Asks: 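Before anything else, here's the structure in question.
Only a predicted model underlies this, so the values are computations on that prediction, with no experimental measurement involved.
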Amino acid sequence: MTRKLDYRWNLRQVMAAKGMFATTDLTPLLAHRDIELSSSQVYRLVVERPERLSLKILMALLDILDCSMEDLIEPIAVASSARKAKVAGGDEAGVGALRPKRARIVAVND
């Protein structure tokens, strides 16, 4: 079983610990550090787990929140066998037993 690395994005929790409960609280603090993001970009940064993140934005967040990278990004190990395997038909493994049986219509002689 191979271990795969993943991460947990804790920006919302770190912001709450610092008393920042609205995503719009970050916008002026980022702008003060010459980072201009729209309100929807800031919202996605806080609420969703980013797949790509500028190091400049990461360093600004660490400075704003006065935290370490371990506080913001928590590495976690995910076992590769925990993922569902795909089969040739595109269905997930094990779904076939859960499908209903095809109805058979037979003629009734009156």
Side-chain angles (χ1 to χ4, degrees):
M1 182 163 47
T2 312
R3 287 178 37 156
K4 296 200 179 222
L5 295 178
D6 206 0
Y7 64 95
R8 186 172 294 125
W9 182 243
N10 296 322
L11 179 57
R12 177 177 263 178
Q13 292 85 352
V14 174
M15 284 178 61
K18 301 293 180 179
M20 301 171 68
F21 297 101
T23 59
T24 55
D25 294 342
L26 275 181
T27 306
L29 298 172
L30 289 169
H32 181 69
R33 289 163 178 81
D34 295 327
I35 297 174
E36 300 293 331
L37 296 177
S38 68
S39 59
S40 63
Q41 288 173 319
V42 173
Y43 177 81
R44 286 195 311 265
L45 182 66
V46 173
V47 175
E48 299 173 5
R49 189 179 87 156
E51 293 296 324
R52 294 181 298 256
L53 182 64
S54 163
L55 288 177
K56 187 175 180 181
I57 294 174
L58 178 61
M59 292 300 116
L61 289 173
L62 295 176
D63 183 43
I64 290 168
L65 299 170
D66 191 30
C67 66
S68 66
M69 197 172 316
E70 290 82 19
D71 297 332
L72 203 56
I73 304 170
E74 179 184 347
I76 56 173
V78 177
S80 63
S81 65
R83 292 184 172 196
K84 294 183 179 178
K86 296 279 186 175
V87 293
D91 294 332
E92 294 180 4
V95 175
L98 301 175
R99 294 181 187 254
K101 292 184 179 179
R102 175 168 265 182
R104 297 186 66 183
I105 301 173
V106 291
V108 179
N109 294 335
D110 288 326

Asks: Which atom names give the shortest non-hydrogen contact between K56 and D34, and what distance separates them?
Replies: NZ-O, 3.9 Å
Asks: Tell me, do E36 and Q41 make a side-chain contact under 4.5 Å, heavy atoms counted?
Replies: no
Asks: Once rounded to the nearest 0.5 Å, what's the spacing between atom CD1 of I35 and atom CE of M59?
Replies: 10.5 Å
Asks: Please round to the nearest 0.5 Å and tell me the distance separating atom CG of L62 and atom CD of E70.
Replies: 9.0 Å
Asks: Crowded around I76 CD1? As in, over 12 foreign heavy atoms under 6.0 Å?
Replies: yes
Asks: Roughly how far, to the nearest 0.5 Å, is NE2 of H32 from CG of D63?
Replies: 8.5 Å
Asks: For the pair I73 and N10, evaluate side chain to side chain contact (heavy atoms under 4.5 Å, CB included) and give the outcome as yes or no after the intermediate values.
Replies: CA-CA 6 Å; I73 304 170; N10 296 322; over 6 Å; no
Asks: Tell me whether W9 contacts the main-chain N or O of L45 through its side chain, where contact means a donor paired with an acceptor under 3.5 Å.
Replies: yes
Asks: Quick one: does D71's side chain have a donor or acceptor within less than 3.5 Å of a partner on S68's backbone?
Replies: yes
Asks: Can you tell me how far apart CG (D25) and NZ (K18) are? Round to the nearest 0.5 Å.
Replies: 14.5 Å
Asks: For L11 and L72: C-alpha separation, side-chain torsions, deciding distance, then whether side chain to side chain contact (heavy atoms under 4.5 Å, CB included) applies.
Replies: CA-CA 6 Å; L11 179 57; L72 203 56; 3.7 Å; yes
Asks: Would you say R49's side chain and Y7's backbone share a donor-acceptor pair under 3.5 angstrom?
Replies: yes
Asks: Identify the heavy atoms of C67 and V14 that sit nearest to each other, and give their distance.
Replies: SG-CG1, 4.0 Å
Asks: Should L53 and L55 be regarded as members of a common hydrophobic cluster, given that ILVMFWY residues are connected when their side-chain heavy atoms come within less than 4.5 Å of each other, either directly or indirectly?
Replies: yes
Asks: Within this structure, what is the CZ-OG distance for the pair R44 and S38, rounded to the nearest 0.5 Å?
Replies: 6.5 Å
Asks: Run the side chain to side chain contact (heavy atoms under 4.5 Å, CB included) test on L58 and M69 for me, step by step, so that the C-alpha distance in whole Å, both residues' side-chain angles and the decisive distance to 0.1 Å come before the verdict.
Replies: CA-CA 9 Å; L58 178 61; M69 197 172 316; 4.2 Å; yes
Asks: For L26 versus V42, what's the shortest heavy-atom pair and its separation?
Replies: CB-CG1, 4.0 Å
Asks: State, to 0.1 Å, how close R33 and A60 come at their nearest heavy-atom pair, and which atoms those are.
Replies: CD-CB, 4.0 Å
Asks: Using every non-hydrogen atom in the two residues, find where M20 and L65 come nearest and quote the distance to one decimal.
Replies: SD-CD2, 3.8 Å
